[in-house]
Amino acid sequence: MTNSNARLERRYRRLLGLYPRSYREQHGEDMLGVLMTDSTEGKSRTRLAATLDLVRNAFLVHTRYWWEMRSAVEHGRLAVRHPLFVIRVRLAVAVWLCVVTGVLCAEGYWWGVTILLFVVAHLVLAGRTAARYRTKS
Amino acid sequence: MQEATFLILTALAGGAQHGYGIIADVEQISEQRVRLKAGTLYAALDRLRDDGLIEVDREEIVDSRLRRYYRLTAGGTATLGDEAQRLSAHVQTALSRLQITERLAT
């Protein structure tokens, strides 16, 4: 790979960083291949147009994902569309509930151990989402 | 349906293709009028896949780069067929009216 090609690839990689992570994981390498083929055959004007197109579409993709995430929350499909986000939230809630249980028990409120049922429920649901995510990817 | 979407689906109606193949095919179908850029193409592919109109056919590594091939789903084929018929009906109407206008002018 020539120096100018390596520089161009770095530039496109930086621009791809503007896209949502899940989108990058899905299309990043594939897009880079197309961008490099197109730019090697094209002129500097082609590269400028490709750059502007990447910036514009990164914004549009973010907007679409944000909008879909909103609708997904409304329709209870968040775990399907954004599994990693759901897993992290469930784990965070489980940890927080463990802390609450610990504090309650330390204060002598032993009924606090019942909260552990919710901890287990969150862990089970996070595990199920993770299993589905693994099967899908 | 936007023109770019229609052209992408039309390109895939001829068989599975990868990103750069779709760009070249769309350019040919549109007689060099439409040249899709990578950002626009992949945003459209991502949306079409979410809508269930296309799916991944296979992946290949060429020159140490990933190449993902896409193909139409049954839903995509039906949607493209409906859209083509709708456009064709509009074209027929436009042509027949133009003939009437030309006849009146002569």
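Numbers restart at 1 for each chain; the letters A, B, ... are given by sequence-line order, proteins then strands. Owing to the predicted nature of the structure, the values given are computational and were not obtained by experimental measurement.
B/Thr40 is listed as a side-chain neighbour of A/Arg56, based on a closest heavy-atom distance under 4.5 Å. Counting heavy atoms from C-beta on, the side chains of B/Ile54 and B/Arg71 never come closer than 4.5 Å.
Here the CG-OG1 distance, from B/Leu53 to B/Thr5, works out to 9.0 Å after rounding to the nearest 0.5 Å.
Of the N and O atoms on the side chains of B/Tyr42 and A/Asp30, at least one donor lies less than 3.5 Å from an acceptor on the other residue. For A/Gln26 and B/Arg49, the side-chain atoms include at least one donor-acceptor pair closer than 3.5 Å. A donor atom on one side chain and an acceptor atom on the other are found under 3.5 Å apart for A/Arg11 and A/Thr51. Side chains of B/Asp46 and A/Tyr65: a donor-acceptor N/O pair is present below 3.5 angstrom, by distance only.
At a 4.5 Å heavy-atom cutoff, B/Asp63 makes no contact with chain A through either its backbone or its side chain. Both the backbone and the side chain of A/Val34 come within contact range of chain B, judged by heavy atoms closer than 4.5 Å.
Ion pairing of B/Arg65 with A/Glu9 is present here, as a side-chain N (NZ or NE/NH1/NH2) and a carboxylate O approach within less than 4.0 Å. Ion pairing between a basic and an acidic side chain is recognised when a charged N comes within 4.0 Å of a carboxylate O; B/Arg67 and B/Glu60 show no such pairing.
Between the A/Tyr23 side chain and the B/Ala43 main chain, a donor and an acceptor come within less than 3.5 Å of each other.
Within residues 22-30 of chain B, the residues having any heavy atom less than 4.5 Å from a heavy atom of chain A are, in residue-number order, B/Ile23. Applying a 4.5 Å heavy-atom cutoff, none of the residues of residues 83-96 of chain B approach chain A.
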